[in-house]
Amino acid sequence: MTDAALVDTGAAPPRPAGWRGIVADWSSDQRAFKNVSWGKAMMWIFLLSDTFIFSCFLLSYMTVRMSTTVPWPNPSEVFALTIGDTTIPLILIAIMTFILISSSGTMAMAVNFGYRHDRVKSAALMLVTAAFGATFVGMQGFEWTKLIMEGVRPWGNPWGADQFGSSFFMITGFHGTHVTIGVIFLIIISRKVLRGDFDREARGFFTSRKGHYEIVEIMGLYWHFVDLVWVFIFALFYLW
């Protein structure tokens, strides 16, 4: 008896029908991630894990707020600013939200110009995005300073439920850390793009694939995620 010769035709073998086919497809990686780079796939996995963390924080916040018997501080009063003789509720938070949402637009344009290999415009727009992010973090630092001077602590505050302080510092601090990390990486990547490291395949981090600006898109995925998370924080923490 002779064994049939195994010939690699380059084509994926036929997939079984039904659920067995789906399981076989994903487990053997025949089609599911065929055209997805490792960098982009790993960023999606990271964002998925980060989604679970932020979801746990926000669900814990909602649970604490609905279960506490002590009155919850009114966000419109706590986060109000007095400009001249007028007290404007949530004005600082509204400006911060506008800045962060605007940064998503500049980041999207940076990705667009990156894939066009227009490195000057791509790098400039990433730096503008980083400037928006740094402004957001600076305004958040001002917000923290103001509340700390008014007596807010992780274990208490002068307006009501003690859990308000811990919830505020935990959620906004964790998000602010993400924005800060994003700003740092935006500056690093924009410098590499501007120098043309991706065009000449310069040795170093993120520049191993000549002519590919995919890292700009990966940074865009991270930045859009950070902006989207802030929308939920803004709605649940500041408007509720």
From CA spacing to verdict: side-chain contact (heavy atoms from CB on, under 4.5 Å), K146, F79
CA-CA 9 Å; K146 174 179 176 295; F79 299 106; over 6 Å; no
So that I know where these two stand, are F225 and F46 an aromatic pair - ring centroids less than 6.0 Å apart?
no
R153 CZ: over 12 foreign heavy atoms closer than 6.0 Å:
yes
Within the structure provided, determine whether M219 and V216 are in side-chain contact (heavy-atom separation under 4.5 Å).
no
Less than 4.5 Å apart, any side-chain heavy atom of V193 and any of F113?
no
In this structure, would L239 and Y61 fall into the same cluster of hydrophobic residues linked by side-chain contacts under 4.5 Å?
yes
Run the numbers on W240 and W72 for side-chain contact (heavy atoms from CB on, under 4.5 Å), then give the verdict.
CA-CA 10 Å; W240 183 17; W72 196 264; over 6 Å; no
Looking only at heavy atoms, what is the nearest atom pair of L125 and T106, with distance?
CB-O, 3.7 Å
For the CD1 atom of I88 and the CG atom of L90, what is their distance to the nearest 0.5 Å?
11.0 Å
Closest contact, heavy atoms only, D227 versus S103:
OD2-OG, 3.4 Å
Hey, are T82 and T87 close enough side-chain-wise for a donor-acceptor pair under 3.5 Å?
yes
Would you give the length of the straight line joining atom CE of M43 to atom CG of D50, rounded to the nearest 0.5 angstrom?
9.5 Å
Sole candidate of Y238, F237, F98, W223 that passes ring-ring contact (aromatic ring centres under 6.0 Å, His included) when paired with W230
Y238
Checking the side chain of T51 only, and the main-chain atoms of L47 only, is there a donor and an acceptor separated by less than 3.5 Å?
yes
Residue pair L147, V78: steps toward the side-chain contact (heavy atoms from CB on, under 4.5 Å) verdict:
CA-CA 8 Å; L147 292 183; V78 174; 3.7 Å; yes
If every non-hydrogen atom of A123 is compared with every non-hydrogen atom of S190, which pair is closest and at what distance?
CB-O, 3.5 Å
Within-4.5 Å side-chain heavy-atom neighbours: W159 and E150
yes
Spell out, as yes or no, whether a donor-acceptor pair under 3.5 Å connects the side chain of S122 to the backbone of R119.
no
Minimum heavy-atom distance G160-P73, with the two atoms named:
N-CG, 4.3 Å
Tell me whether the centres of the aromatic rings in F54 and F232 are closer together than 6.0 Å.
no
Would a 4.5 Å heavy-atom cut-off, applied to side chains only, mark Q163 and V70 as touching?
no
Does any non-hydrogen side-chain atom of I99 lie less than 4.5 Å from one of M139?
yes
If you count heavy atoms of other groups shown closer than 6.0 angstrom to OH of Y115, is the number above 12?
yes
Kindly determine whether F136 and H175 satisfy ring-ring contact (aromatic ring centres under 6.0 Å, His included), including the steps that lead there.
CA-CA 11 Å; F136 175 87; H175 179 266; 5.7 Å; yes
Is the ring pair W144/F169 parallel, tilted or perpendicular, if the boundaries are 30 and 60 degrees?
perpendicular
Classify the angle between the aromatic ring planes of F164 and F168 as parallel (below 30°), tilted (30 to 60°) or perpendicular (above 60°).
parallel
I'd like to know whether I93 forms a side-chain contact (heavy atoms from CB on, under 4.5 Å) with E143, so could you lay out the CA-CA distance, the side-chain angles of the two residues, the decisive distance to 0.1 Å, and finally the verdict.
CA-CA 9 Å; I93 311 304; E143 178 190 35; 3.0 Å; yes
Keeping the roles fixed (side chain from T68, backbone from V64), state whether a donor-acceptor pair exists under 3.5 Å.
no
